[in-house]
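What follows is a short report on a single structure.
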Amino acid sequence: MAGSNNPHRGSSFDAFLKKEGIYEEVTKRALARVADMQRAIIAQSTQIHHAQENKKSKP
């Protein structure tokens, strides 16, 4: 929305974090949390896959 004249629109959240001096720390923590969630999803998916394979192999 470049050129918007919305009087209620402020600066970006990134700009706020940088102004507060915590941008790097917050970004690092956010990326770590995303990586943790991705690992959990992969682990869960792997467990489900193994359970399905075990069901198929049993007569």
Side-chain angles (χ1 to χ4, degrees):
M1 289 185 88
S4 177
N5 290 328
N6 184 345
H8 302 290
R9 184 174 168 105
S11 61
S12 72
F13 188 58
D14 286 348
F16 167 75
L17 294 174
K18 288 175 184 176
K19 182 179 175 186
E20 294 295 313
I22 58 173
Y23 176 80
E24 290 80 14
E25 179 183 348
V26 171
T27 301
K28 182 179 175 182
R29 285 186 184 193
L31 291 173
R33 292 179 84 176
V34 169
D36 289 343
M37 286 189 288
Q38 288 175 337
R39 281 191 289 273
I41 290 168
I42 291 169
Q44 183 180 20
S45 172
T46 302
Q47 289 173 351
I48 291 170
H49 177 73
H50 287 296
Q52 290 171 343
E53 290 297 318
N54 289 339
K55 269 187 170 179
K56 287 180 186 177
S57 65
K58 291 183 180 178

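Values below: all heavy atoms of this structure, side chains included; hydrogens, waters and symmetry mates excluded. Keep in mind that this is a model prediction, so the values were computed, not measured.
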Q.
Clusters formed by hydrophobic residues whose side-chain heavy atoms approach within less than 4.5 Å: which one holds Met37, and what are its other members?
A.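 Joined to Met37, directly or through intermediates: Val34.
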Q: Quick one: name the residues clustered hydrophobically with Phe16, using the 4.5 Å side-chain heavy-atom rule over I, L, V, M, F, W, Y, and just say none if it's on its own.
A: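 For the cluster that includes Phe16, the remaining residues are Phe13, Leu17, Ile22, Tyr23, Val26.
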Q) For residues 30-49, which residue pairs qualify under side chain to side chain donor-acceptor pair (under 3.5 Å), counting only residues two or more places apart or in two chains? A)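 Side chain to side chain donor-acceptor pair (under 3.5 Å) check on residues 30-49 returns Asp36-Arg39.
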**Q.** salt bridge (charged side-chain N to carboxylate O under 4.0 Å, His left out) contacts touching residues 40-49 (sequence neighbours left out)
**A.**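 As it turns out, there is no salt bridge (charged side-chain N to carboxylate O under 4.0 Å, His left out) pair with a partner in residues 40-49 once direct neighbours are skipped.
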(Q) Strictly by salt bridge (charged side-chain N to carboxylate O under 4.0 Å, His left out), give each pair with a member in residues 16-28 just once, sequence neighbours left out. (A)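 Residue pairs with at least one partner in residues 16-28: Glu25-Arg29.
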Q | Non-neighbouring partners of Ser11 that pass side chain to side chain contact (heavy atoms under 4.5 Å, CB included), sequence neighbours left out | A |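 Checked Ser11 against side chain to side chain contact (heavy atoms under 4.5 Å, CB included); matches are Ala15.
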